Amino acid sequence: MISIASPIIGPEETKAVNDVLASGVLAQGPKVAELEAAFAEYCGTKYAAAVNSGTAAIHAALYAAGVREGDEVITVPFSFIATINPILMMNATPVLVDIDPLTFNLDVAKLEQAITAKTKAIIPVHLYGQPANMDEIKAIADKHDLQIIEDACQAIGAEYKGKRTGSLGNAGCFSLYATKNIMCGEGGMVTTDDEAYVTAIKQFRQHGMSAQYEYVDLGFNYRMSDLHAAIAVEQLKKADGFTELRQRNASLLDEGLANISGLVLPTIAEGRSHVYHQYTVRITPDFAVDRQTLVSGLKEKGIIAGVYYPKTLHSFPHVAKFGYKIGDFPAAEQAAAEVLSLPIHPRVSEVDIQTIIDAIKDISNAN
Ligand SMILES: *Cc1c(COP(=O)(O)O)cnc(C)c1O
């Protein structure tokens, strides 16, 4: 079977965890500090603060950005729900902007009209591993004095004009969940150049504590354990190698799947690199069969394809209640109906890629 995601755990990760177990320091400790320093260096930022999920990273970053009750935060309706839920956790209002159909990222042409006097921050999502249009977003954010929190959970190592994600806004949020490009089971990270951010995030992840048992504000237990950090330290060393394999697989799929009627391949916009958390095609009405038939046909041949995401976020009641209805974001809704992600992760071999290409051609009768 060719799976859609599969973590790579080597002897380095196992040894690192065993060393932490032997040390007796299991909760947040020196391994977390080591990971934070390495992560900041990798992303090209001054600081990084570890938390225990990507969701916690976005929540903590919004807290540090000063987002509070009644503020508006702009983001997209086509992402994982964890992009929006932290906005709701701050009692702020999510204001959604449609996506660009080519890159699946925020459509910057529609951004400025969504800004009001209450807007505090923008969360661009680097969906599937391709950075959003950060120059345009930054110009608009600067003009209106807004904070930018990157949702880089799918985009570790991706570059925009030579700079890595996580260093492109006021803060960058990463996930180390088991299926992400690098992982530690569950984990998260916020990167920033702003000392005020890192101070606020470290307070927020530890019950709002400024000093031992001094609670200056509401906080959570969002700490990462040293056991998790030990895995992530080893994974981070392998990040670029993993990315190269993803990019190799992507270019083989680009070649092998070119010119199949109704199959739209990924587009990389100018000035950026794609780290292919997902290799996502569109199955349009011109394709030989519908998306579900293709998914089932691939599964029969031992290939697991995934739909990320089958529904837009404004279709769910707790988001729709802000006044959204189906029809509001046509590009996002069309993407939800058409996207299909094919196996691309580093354990997918060149032989596997050929199997995927042959299977799709077979199903579409294009060979
Ligand atoms: C994975 C992911 C998150 C959340 O990360 P968790 O570690 O699962 O909490 C947020 N946004 C996007 C785009 C993601 O892919």
Side-chain angles (χ1 to χ4, degrees), residues 36 39-51 53-67 73-76 78-87 90 92 94-97 99-100 103-108 111 119-142 144 146-177 180-182 187-194 196-198 200-201 239 243 269 271-275 277:
E36 289 171 338
F39 219 98
E41 193 189 339
Y42 183 85
C43 293
T45 57
K46 280 193 199 151
Y47 311 103
V51 289
S53 72
T55 312
I58 297 169
H59 192 188
L62 287 173
Y63 174 80
V67 170
V73 178
I74 295 175
T75 191
V76 287
F78 192 61
S79 181
F80 183 51
I81 192 65
T83 306
I84 286 188
N85 280 344
I87 301 171
M90 298 310 304
V95 173
L96 304 179
V97 171
I99 58 163
D100 162 23
T103 61
F104 303 104
N105 282 330
L106 191 146
D107 184 347
V108 287
L111 176 56
T119 311
K120 187 87 187 181
I122 305 169
I123 308 181
V125 181
H126 307 310
L127 199 71
Y128 303 140
Q130 172 167 213
N133 285 10
M134 294 309 293
D135 277 354
E136 291 87 341
I137 292 169
K138 194 164 184 318
I140 292 169
D142 286 350
H144 296 273
L146 308 176
Q147 299 288 296
I148 300 173
I149 314 272
E150 296 170 71
D151 181 341
C153 288
Q154 302 187 355
I156 184 156
E159 290 183 5
Y160 180 87
K161 299 190 175 170
K163 287 183 73 184
R164 281 186 169 155
T165 59
S167 72
L168 305 169
N170 298 88
C173 300
F174 294 88
S175 167
L176 294 163
Y177 179 65
K180 298 286 155 81
N181 285 24
I182 65 164
M189 188 68 69
V190 185
T191 53
T192 183
D193 282 329
D194 189 337
Y197 261 85
V198 84
I201 289 161
T243 295
R272 60 207 87 180
S273 70
H274 196 320
V275 296
H277 175 59

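Being a predicted model, the structure only gives us computed values, none of them experimental.
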Under a 3.5 Å distance rule, please check whether [X] uses its side chain to pair with a backbone N or O of [Y] as donor and acceptor.
| X | Y | value |
| --- | --- | --- |
| N85 | T55 | no |
| N170 | I149 | no |
| N105 | D100 | no |
| S175 | S53 | no |
| E150 | G166 | yes |
| R164 | Y42 | yes |
| T75 | I123 | yes |

What's the spacing between [X] [atom1] and [Y] [atom2] if we round to 0.5 Å?
| X | Y | atom1 | atom2 | result |
| --- | --- | --- | --- | --- |
| Y177 | Q154 | OH | CD | 13.0 Å |
| I140 | D135 | CD1 | CG | 11.0 Å |
| E159 | S167 | CD | OG | 9.0 Å |
| H274 | T243 | NE2 | OG1 | 11.5 Å |
| I122 | L146 | CD1 | CG | 5.0 Å |

What are the two closest heavy atoms between [X] and [Y], and how far apart are they?
| X | Y | result |
| --- | --- | --- |
| P131 | H126 | CA-ND1, 3.3 Å |
| G157 | S273 | O-OG, 4.3 Å |
| T165 | A155 | OG1-O, 2.7 Å |
| V190 | A171 | CG1-CB, 3.9 Å |
| T191 | C43 | CG2-SG, 3.9 Å |
| A64 | I201 | CB-CG1, 3.8 Å |

Find out whether E136 and L111 are in side-chain contact, i.e. whether some heavy atom of one side chain is under 4.5 Å from a heavy atom of the other. no

Does one side chain, of Y197 or Q147, offer a donor that lies under 3.5 Å from an acceptor on the other? yes

By side-chain contact (heavy atoms from CB on, under 4.5 Å) - contacts of [X] (at least two apart):
| X | value |
| --- | --- |
| A269 | T103, Q130, R272 |
| V67 | L62, A65, D71, V73, M90, A92, K120, A121 |
| D193 | T45, K46 |

Determine the interplanar angle of the Y128 and F78 rings, folded into 0 to 90°, and report it as parallel if under 30°, tilted if 30 to 60°, perpendicular if over 60°. perpendicular

Full working for side chain to side chain contact (heavy atoms under 4.5 Å, CB included) between L96 and I84: CA-CA 10 Å; L96 304 179; I84 286 188; 3.7 Å; yes

Take a 6.0 Å sphere around OH of Y160 and say whether it holds more than 12 heavy atoms from other residues, nucleotides or ligands. yes

Applying side chain to side chain contact (heavy atoms under 4.5 Å, CB included) to I156 and M189, what does each step give before you reach the verdict? CA-CA 11 Å; I156 184 156; M189 188 68 69; over 6 Å; no

Apply the test side chain to side chain contact (heavy atoms under 4.5 Å, CB included) to residues F39 and I182: give CA-CA distance (whole Å), side-chain angles for both, the deciding distance (0.1 Å), then the verdict. CA-CA 12 Å; F39 219 98; I182 65 164; 4.3 Å; yes

Tell me, with the steps shown, if D151 and F80 meet side chain to side chain contact (heavy atoms under 4.5 Å, CB included). CA-CA 10 Å; D151 181 341; F80 183 51; over 6 Å; no

